[in-house]
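Letters A, B, ... mirror the listed sequences (proteins, then strands); counts begin at 1. It should be emphasised that the depicted structure is a prediction, and the values quoted were computed from it without experimental measurement.
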2 protein chains.
Amino acid sequence: MTSKPRETRRSRGRPRDRALDREHVLSAAVTLLDREGPDALTMRRLAAGLQVSPMALYNHFDSKKDLLRSVAEQLVGQTQFSSGHEDWRERIRFCFRRLRSVILAHPGAVRLMESLEQAPLAVFSPMEVTLAALETAGLTGEPALRSYFLLTNFTMGQVSYEVRGPFKALDPARALASGHLRGEGFCHIEAAAQFEHWDFDAAFEFGLSTIIAGSPTDHALRKNSSNLQSTQFPIGPTPIRFA
Amino acid sequence: MTSKPRETRRSRGRPRDRALDREHVLSAAVTLLDREGPDALTMRRLAAGLQVSPMALYNHFDSKKDLLRSVAEQLVGQTQFSSGHEDWRERIRFCFRRLRSVILAHPGAVRLMESLEQAPLAVFSPMEVTLAALETAGLTGEPALRSYFLLTNFTMGQVSYEVRGPFKALDPARALASGHLRGEGFCHIEAAAQFEHWDFDAAFEFGLSTIIAGSPTDHALRKNSSNLQSTQFPIGPTPIRFA
DNA sequence: ACCTGAACACCGTTCAAGT
DNA sequence: ACCTGAACACCGTTCAAGT
């Protein structure tokens with residue numbers, strides 16, 4: 001796993017080639033997560049991959065929780081959420097497209113992040129970018145926080161849904177078998193199930209646009225939503241895709 | 001744990017008072033989840049609470065996964081998402097307020113549901129209600145699905161954030177210590193941290209209203225968003241609270 | 001300071017056995 | 001048909017010991 005030889009390049013005489021350091025452990029953890037999923041990311045298997053005793057990890061991390069949080073931290077912490085777009089709307093779109101992209105690039109990271117009870121600090125970077133963008137649009141204080149809240153919760157919710165494979169459970173036969181949809185039937189769901197290919201990118205862009213258009217900015221308050229028609233549907237540039 | 005004596009009341013002679021049935025196990029699982037959280041919900045502890053061998057549970061559930069999914073199923077399956085409101089907007093609000101409420105009433109259910117790889121069938125009940133409501137507003141097909149998607153992802157995202165205690169990690173000192181917010185500083189977050197009481201109910205209602213107002217219904221398309229000002233901010237009736 | 005091996009208290013689940 | 005106890009292959013983590 002990550003056979004990078006780890007040249008010990010600081011102060012050549014003494015430091016004793018230690019087998020581990022945080023960075024090395026974290027990169028091994030990410031590749032383990034990517035290859036075998038979040039359930040495989042255990043202290044013992046990670047240590048085995050590093051050819052080290054399980055207890056060696058505890059010299060660099062307080063606990064498994066600490067390690068998992070650090071993995072999440074590293075993933076979102078190394079991505080750039082700010083951009084130079086003039087339009088504050090584009091800055092917000094860029095930010096959340098990036099957030100979605102990092103996580104989709106590491107599908108196991110979704111369940112990992114959901115399992116954390118403390119969010120990693122790095123998630124505050126998108127928050128800062130968004131609040132700054134909204135401020136230039138004249139939106140501050142609690143209303144701005146609510147818009148940020150709406151954006152981030154929608155994004156994380158969609159990504160979570162997306163990574164799980166959305167309609168895996170949408171088999172009408174299964175739905176029929178259970179008695180849960182008794183009252184209202186489920187004819188609309190049956191109709192919906194016919195969309196066999198669901199365009200997540202478009203759904204995501206729709207969500208962003210809807211939320212941005214719905215933010216009570218100065219602009220929106222003064223001109224009585226003159227550009228509603230144009231900001232509601234535009235799909236914009238295609239979202240960032242990872243290689 | 002749930003000392004209900006379980007009168008065996010069907011066909012009095014024969015059926016042998018079996019120690020367990022699905023319903024009994026599930027109710028014990030819910031109380032265990034509520035009292036000690038999702039991590040405590042193990043097969044062994046659940047069995048111990050029921051004074052039964054761990055393996056006895058496997059006569060009623062295929063696996064732990066099956067049991068956990070059934071717990072989620074029971075929680076959201078027993079709530080009524082449809083209502084008789086005339087306004088389709090109110091029907092949608094009612095539906096998602098209910099969804100939020102059930103889950104908030106069992107905070108451990110958030111991590112539980114996030115840990116499932118297959119969603120329980122019962123989550124399709126809100127879907128059916130929403131698609132039906134949107135249809136009366138003239139919205140069908142893929143646009144309707146997108147609006148549903150936006151609503152449910154926002155709701156689940158907010159609930160998840162809400163249950164975790166949102167600003168637990170928003171200590172500016174911690175944020176300063178890490179180098180992650182180097183580029184842009186984090187003055188906006190610092191300002192935001194001053195809101196020491198965050199109104200989740202209001203944030204949720206704002207989200208619902210924004211999404212509903214942003215749905216491209218017949219109505220919105222014909223009248224050029226005449227009621228935008230009034231539908232964007234209204235908080236509406238107070239959300240459902242559980243006893 | 002960093003790593004190890006043995007040990008402890010837990011997991012989910014298989015299996016053979018009981019009724 | 002339903003339940004049990006013993007056993008297996010795993011966990012995270014403590015601890016005493018090595019260098």
Side-chain angles (χ1 to χ4, degrees), chain A residues 1 6-26 28-29 32-33 36-72 108 111-112 115-118, chain B residues 1 6-26 28-29 32-33 36-72 108 111-112 115-118:
Chain A
M1 194 161 310
R6 290 195 67 264
E7 30 180 0
T8 64
R9 62 124 110 73
R10 51 154 69 214
S11 82
R12 58 169 157 263
R14 205 74 312 265
R16 185 77 177 84
D17 55 337
R18 302 203 290 300
L20 255 41
D21 58 24
R22 277 183 75 97
E23 188 192 347
H24 196 57
V25 174
L26 286 179
L32 180 56
L33 177 69
E36 311 199 37
D39 291 335
L41 190 45
T42 69
M43 299 300 268
R44 293 178 114 107
R45 292 182 68 163
L46 181 56
L50 289 160
Q51 286 180 302
V52 110
S53 149
M55 289 317 298
L57 302 175
Y58 288 87
N59 291 314
H60 305 276
F61 300 91
D62 289 342
S63 61
K64 187 188 184 187
K65 254 195 287 225
D66 180 32
L67 189 146
L68 294 184
R69 196 173 342 111
S70 302
V71 171
R111 294 248 312 266
L112 191 162
S115 77
L116 302 176
E117 50 211 17
Q118 286 249 359
Chain B
M1 191 161 309
R6 292 195 64 264
E7 31 181 357
T8 63
R9 62 123 109 72
R10 54 153 69 215
S11 84
R12 59 171 156 262
R14 204 72 316 263
R16 183 80 176 82
D17 54 338
R18 302 203 292 298
L20 253 41
D21 58 23
R22 277 182 75 97
E23 188 192 347
H24 196 56
V25 173
L26 287 178
L32 181 55
L33 177 69
E36 311 199 39
D39 291 334
L41 190 46
T42 68
M43 299 300 267
R44 293 179 114 107
R45 291 182 69 164
L46 181 55
L50 289 160
Q51 286 180 301
V52 109
S53 150
M55 289 316 298
L57 301 175
Y58 288 85
N59 292 313
H60 305 274
F61 300 90
D62 288 342
S63 62
K64 188 189 184 188
K65 255 197 287 225
D66 179 32
L67 188 147
L68 293 183
R69 195 171 345 110
S70 302
V71 170
R111 293 249 310 268
L112 190 162
S115 76
L116 303 177
E117 49 210 18
Q118 285 249 1

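- What separates CE of A:M43 from C1' of D:dC10 is a distance of 15 Å, to the nearest Å.
- Annotation for A:L50 and A:L57: closest pair CD1-CD2, 4.1 Å, computed over non-hydrogen atoms.
- Summarising the geometry, the separation between CG on B:D66 and P on C:dG12 is reported as 14 Å, rounded to the nearest angstrom.
- When all heavy atoms of B:Q118 and B:R69 are compared, the closest pair comes out as O-CD, 3.6 Å.
- For the pair B:L41 CG and C:dC11 C1', the interatomic distance rounds to 13 Å; values are reported in whole Å.
- Shown here for A:R22 and A:S70, the closest heavy-atom pair between the two residues is NH2-OG, 3.0 Å.
- In this structure, B:H24 places its NE2 atom 15 Å from C1' of D:dC3, rounding to the nearest Å.
- Consecutive Watson-Crick or G-U pairing (both distances under 3.5 Å) extending over three or more pairs maps onto DNA chain D as C:4-8 with D:12-16, C:12-16 with D:4-8.
- Counting heavy atoms from C-beta outward, A:M55 and A:M43 have side chains that stay 4.5 Å or more apart.
- For C:dC3, the OP1/OP2 oxygens have a side-chain nitrogen or oxygen of A:H60 closer than 4.0 Å.
- Residues B:A72 and B:L116 come closest through the heavy atom pair CB-CD1, 3.8 Å.
- Scanning all heavy atoms of the two residues, the minimum distance from A:L33 to A:P38 falls at CD1-CA, 3.6 Å.
- Taking 4.0 angstrom as the limit, B:S53 places none of its side-chain polar atoms (N or O) nearer than this to OP1 or OP2 of D:dG5.
- Comparing C:dC2, D:dT13, C:dT13 by their nearest atom to the side chain of A:R44 picks out D:dT13.
- Nucleic acid contact class of B:M55 (heavy atoms, under 4.0 Å, all strands): base.
- For the pair B:D21 CG and D:dA1 P, the interatomic distance rounds to 17 Å; values are reported in whole Å.
- For B:Q51 and D:dG5, the CD to C1' distance is 17 Å, given to the nearest whole Å.
- For B:T42, the listed nucleotide lying nearest its side chain is C:dC11; candidates were C:dC11, D:dT13, D:dT4.
- In this structure, A:Y58 atom OH and D:dC11 atom P are separated by 12 Å, rounded to whole Å.
- Annotation for B:V71 and B:A29: closest pair CG2-CB, 3.7 Å, computed over non-hydrogen atoms.
- One atom, CG of A:D62, and another, C1' of D:dT14, lie 15 Å apart when rounded to the nearest Å.
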